Amino acid sequence: MASQEEIAAKMKELHEQYTVKLRGELQSLSDLVSDVPSDFSKLLDTLHQRLHKLAGSAGTFGFAELSEKARQLEIQVKLWLDNPPANIPHEWETFAHEIGQLPSTLSPSQNGKEQDSPVNHSSTEELLAAPQHHQVRVYVVNGDARLAEEMAFTLRHFGHQTSWFTSLAQSTQAQADGRPHAMIIDTDLLQEEGTDPLMSLGTVPLIFTSHCQDFDTRIQVARAGGQGFFLHPVDIPKLVDRLSQLLRSNGDTPYRVLIVDDDRDLAQHFQLVLQGAGMEVQVLEEPSRILDAVKEQRPEIILMDLYMPGYSGVELARLLRLQDDWLHTPIVYVSGETDLKKQMSALGHAGDDFITKPLSDEQLIAAVKVRVSRARMLSELMSRDSLTGLFNHSRIKEQLVLEVSRAQRNDAPLSAVMLDMDKFKHVNDTYGHGVGDRVIKTLAHLLQQRVRQSDTVGRYGGEEFAAILPDCDAASAWSIVDDIRQRFGQVTFFSEGKEFHVTLSAGIASSTDYDNAEAMLMAADEALYLAKASGRNQVCLAGQKPEESS
Ligand code: GH3
Ligand code: MG
């Protein structure tokens, strides 16, 4: 990925190119209206298109006054287009004069932003704050020092690095030493200090704790941009779940953005701004390539221009929605269209949202961040099994496809494991379904505890689990899984005064022997079947005789 300096240099170059083109365009517009036109309605069409584009792009490049004037002139042209006058209207002369005056708005003195570097470094950095999973820093802010310290202390048990403060002001001062990845704030402080101290936080996820749960408190939390709300006494495991959910969706994988816009300068400007904020951005100038582009990049958000020659943004959005794969991808129209009716109609047809050009760099970054973070959180929720919190069937299969191709790229081993509890029907029949659920949760917990951070565990079916172990050959996988088998067999369960134990069987396939995800899963499943057929409570490797369990 390009460095901040490279992005700033590119941005400067793009800005200079745009300014040169802009002078040409303004001169050409002035020439266009200098004579009394012979075909007035054709001229209006051309003017409308060009003023619309100008209003949208000029503001984004920092020429706010020009953008505003172009917008007013566009509205005038639109009025003439909607109610065509019989003759050249008497306002034409003033209109033509104003077009001729547009270049005067380009002088730097009238354009504060043009003097700045086009990339606003401080805001871009502020909005960045990508969490590092290996050392998650959490601030706890509560006016009650004892509560703050207690919560900070408890969170440390979950591997978080915590600091606690008794006021928002204190906590923002501390950020000079490094921004936290998340903050847990008591709502009393919102009443005392307001939301101003939170403004400098950019997109740091905020979770609120409170003694009240009335509507007023909740609306205050919503206004402050809270992404979680917990009543005292706080259910810490739930809070930790929420934290990891937020951190995962805000995670350190760059957001993938696709920009579909025929205005090359503007698209490049958006691309550079978003790249500056650490995102992975592709620009599509040729709309007919859209299906290939989304397949290659798998964007998490699409910024779509509304009017392009040949195809409209709405048509492209509808085309994408024809395929299940792109049903959930947020599509945001970025357009100069200010007519609310037209915006609504565009949204009624496949798009999710509308942002109007011109927009500032900060607005663009925030607009993308908010939407992608939410989309990630929703997909996270959808891909988890509700009983165990593990990846569900389809998600674990998807993950295996990704891991197999990664392993092949890196020429590294990878093992896939299928685990299934033995005679589980008997557990349900004897102790009831509720107890059975508890056993399932226990195995889920044990699996998560025993595997590495880079491994993935999922609930494949009822009492059947799958695990993916990257950088792990069949022999090492066997040792890990056999250790889990032994530990699980030693867990004592209780129900109505009775003790019982449950065992499991497992099958393992390695990527060295099978070259695709489906073949690996099938082989691991066959090995599992072999383990069952050989007496259960054992781990078998695909294509080998069962090892004796100890
Ligand atoms: P085997 O050793 O051959 O695997 O025998 P088994 O009894 O474990 O296998 P079988 O497939 O016959 O039965 C699995 C049982 O798991 C049947 C089903 O009721 C139960 N089960 C599936 N999902 C859940 C669940 O979510 N909760 C509970 N409590 N039981 C479940
Ligand atoms: Mg079973």
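One is the number of the first residue; the rest follow in order along the sequence. Start at 1 and go down the list; that is how both ligands and their atoms are numbered. Quick note: numbers below take in every heavy atom, side chains included, and nothing from hydrogens, waters or symmetry partners. On a predicted model such as this, the values are computed, not experimentally measured, just so you know.
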Measure the acute angle between the ring planes of F354 and Y333, then classify it against the limits of 30° and 60° as parallel, tilted or perpendicular.
-> tilted

Given the side-chain rings of F230 and F208, with only the six-membered ring counted for Trp, is the space between their centroids under 6.0 Å?
-> no

Salt-bridged, R318 to E315, with N to O below 4.0 Å?
-> no

How far does CZ of R459 sit from CZ of R384, to the nearest 0.5 angstrom?
-> 14.0 Å

Output yes if E464 passes the N/O/S-under-2.8 Å test against the Mg ion (ligand 2); output no otherwise.
-> no

Mind checking what residues have non-hydrogen atoms under 4.0 angstrom from ligand 1?
-> D420, M421, D422, K423, F424, K425, N428, H433, G436, D437, I440, R459, G462, E463, K532, R536

Measuring from the Mg ion (ligand 2), name the closest N, O or S atom belonging to E463.
-> OE1

So which N/O/S atom does D420 have closest to the Mg ion (ligand 2)?
-> OD1

Has R218 got its NZ or CZ under 6.0 Å from the middle of the six-membered ring of F215, at an angle within 45 degrees of the ring axis?
-> no

Lys/Arg-Asp/Glu bridge criterion (N-O < 4.0 Å) met for K441, D437 | no

Decide if the gap between the ring center of F465 and the ring center of Y460 is smaller than 6.0 angstrom.
-> no

May I ask you to check if any N/O/S atom from M421 comes under 2.8 Å of the Mg ion (ligand 2)?
-> yes

Backbone N or O of N428 within a donor-acceptor pair of the H433 side chain at under 3.5 Å?
-> no

Kindly confirm whether the Mg ion (ligand 2) is within less than 2.8 Å of some N/O/S atom in D422?
-> no

